[in-house]
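Accompanying notes for the structure given below.
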Amino acid sequence: PLEAGKLVRPAAALTTETISNWTESKFRAKLWRGFIPSLTKVKMQDTIGTRDIPTQVKDPDLVQRRRRQIADAAVQLFIEKGFHKTTTRQIARAAGSSIGSLYEYFTSKEDILYMVCESIHAEVERGVTEAMSRATAGREALAGVIREYFTVCHRMSDFILLIYQESQSLPSQWQQRVLENELRITGLFVEVLARIAASGELPGIKEQYIELAAHNIVVLGHMWTFRRWYLGRHYSLEDYIDRQTTFIHKMCSNKKNDK
């Protein structure tokens, strides 16, 4: 099991090998292929696998296609009605399927919710990873990754809120996986911050603060989702990104962090 405070422990020197060890061993979990719902307005790629959820259907392409259809129908019902008030019969009807057919691809409503959570995390991770691949170095790289992450959080705000509201309904093994996915995304920011710290371009980023700074960035992205009822009336998304990026840069440049 994961233990608080023991997920990331950098070595004494921020070397390329150290950074690689952090991110690969602690956060870069394998992404399986096979299932990704479009989640209605959010176009997502096929990066989530089906092997965690048992099925009697032998055709993997059919499993992928039918699970996508069922999850597409389920996610909107979960958002509109809530997980507990949504029945599997309603999901089957919305997916154009029978209740018997639904149970050929999922063993429970909780399995459907788990697959939805997995796909949401995969989309967030994909956006951040693509921004990292385009980034150059230093402050500009950090700003670019923050912008992409906040933009993805804005686009998927209803879905991110769904994870926070309903993931407690998952069985313990699926709850653990959701937490691991959250930490893997945080690990992407650990990687960015560690590389910048190694370059010396942000002097306030010392190794003992990297993990906490990465968590701060993740939470600031989620804050746009949780407090959009207020923030959306006072800030545009662009204003929010610009101001939070300035705040993060100042936090990472503060030499008082040496203490």
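Just so it is clear, the values below take in all heavy atoms, side chains as well, and ignore hydrogens, waters and symmetry mates. Everything numeric in this text was worked out from a predicted model, so none of it was measured.
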Looking at [X] and [Y], what are the two nearest heavy atoms and their distance?
{"X": "Gly144", "Y": "Ala131", "result": "O-CB, 4.1 Å"}
{"X": "Ser98", "Y": "Ser101", "result": "OG-N, 3.0 Å"}
{"X": "Ala74", "Y": "Ile112", "result": "CB-CG2, 3.5 Å"}
{"X": "Arg177", "Y": "Tyr114", "result": "NH1-OH, 2.9 Å"}
{"X": "Glu123", "Y": "Val152", "result": "O-CG1, 4.4 Å"}

Distance check, rounded to the nearest 0.5 Å: [X] atom [atom1] versus [Y] atom [atom2]?
{"X": "Gln244", "Y": "Asn216", "atom1": "CD", "atom2": "CG", "value": "10.0 Å"}
{"X": "Phe226", "Y": "Ser157", "atom1": "CZ", "atom2": "OG", "value": "10.5 Å"}
{"X": "Ile241", "Y": "Thr151", "atom1": "CD1", "atom2": "OG1", "value": "4.0 Å"}
{"X": "Arg155", "Y": "Ile160", "atom1": "CZ", "atom2": "CD1", "value": "9.5 Å"}
{"X": "Ser119", "Y": "Arg68", "atom1": "OG", "atom2": "CZ", "value": "10.5 Å"}
{"X": "Leu113", "Y": "Ser108", "atom1": "CG", "atom2": "OG", "value": "9.5 Å"}

Going only through I, L, V, M, F, W and Y residues with side-chain contacts under 4.5 Å, is there a path from [X] to [Y]?
{"X": "Phe83", "Y": "Ile99", "answer": "yes"}
{"X": "Leu183", "Y": "Leu212", "answer": "no"}
{"X": "Leu231", "Y": "Phe247", "answer": "yes"}
{"X": "Val219", "Y": "Leu162", "answer": "no"}

Checklist entry - Passes side chain to side chain donor-acceptor pair (under 3.5 Å), His222 versus Tyr149? Steps please. => result CA-CA 10 Å; His222 290 176; Tyr149 171 64; 3.2 Å; yes

Item to check | Test: Arg243 cationic atom under 6.0 Å from Tyr235 six-membered ring centre, within 45° of axis | outcome: no

Next on the checklist: If we count only N and O atoms by modelled type, under 3.5 Å, do the side chains of Asp239 and Ser236 hold a donor and an acceptor together?
Outcome noted: yes

Apply side-chain hydrogen bond (donor to acceptor under 3.5 Å, both in side chains) to [X] and list each qualifying residue two or more places apart in sequence or on a separate chain.
{"X": "Glu238", "value": "Arg147"}
{"X": "Glu182", "value": "His121"}
{"X": "Tyr105", "value": "none"}
{"X": "His154", "value": "Trp224"}

Does some side-chain heavy atom of [Y] sit less than 4.5 Å from a side-chain heavy atom of [X]?
{"X": "Leu193", "Y": "Tyr209", "answer": "no"}
{"X": "Ser169", "Y": "His84", "answer": "yes"}
{"X": "Glu118", "Y": "Asn181", "answer": "yes"}
{"X": "Leu142", "Y": "Ile196", "answer": "yes"}
{"X": "Met251", "Y": "Ile248", "answer": "yes"}

Next on the checklist: Suppose the criterion is salt bridge (Lys or Arg N to Asp or Glu O under 4.0 Å): which pairs have a residue in residues 85-99, not counting sequence neighbours?
Outcome noted: none

Checklist entry - Between Glu130 and Arg126, does at least one N-O distance fall below 4.0 Å, as a salt bridge requires? => result yes

Next on the checklist: Between Arg228 and Asp158 (salt bridge meaning N to carboxylate O under 4.0 Å), is one present in this structure?
Outcome noted: yes

Next on the checklist: If you apply the rule side chain to side chain contact (heavy atoms under 4.5 Å, CB included), what do you find for Phe106 with Ile91, and how did you get there?
Outcome noted: CA-CA 12 Å; Phe106 292 99; Ile91 294 171; over 6 Å; no

Checklist entry - For Arg233, does the CZ atom have more than 12 heavy-atom neighbours from other residues, nucleotides or ligands under 6.0 Å away? => result yes

Item to check | Residue list, side-chain contact (heavy atoms from CB on, under 4.5 Å) with Thr246, at least two apart or on another chain | outcome: Lys250

Does the [X] side chain pair with the main chain of [Y], one donor and one acceptor, at a distance under 3.5 Å?
{"X": "Lys81", "Y": "Gln76", "value": "no"}
{"X": "Thr225", "Y": "Leu161", "value": "no"}
{"X": "Gln90", "Y": "Thr87", "value": "yes"}
{"X": "Gln175", "Y": "Leu170", "value": "yes"}

Checklist entry - Given the rule in the side chain to side chain contact (heavy atoms under 4.5 Å, CB included) test, do Val192 and Leu188 qualify, once you have shown the distances and angles that lead to the verdict? => result CA-CA 6 Å; Val192 172; Leu188 297 176; 5.9 Å; no

Next on the checklist: Tell me whether the rings of Phe150 and Tyr240 are parallel (<30°), tilted (30 to 60°) or perpendicular (>60°).
Outcome noted: tilted

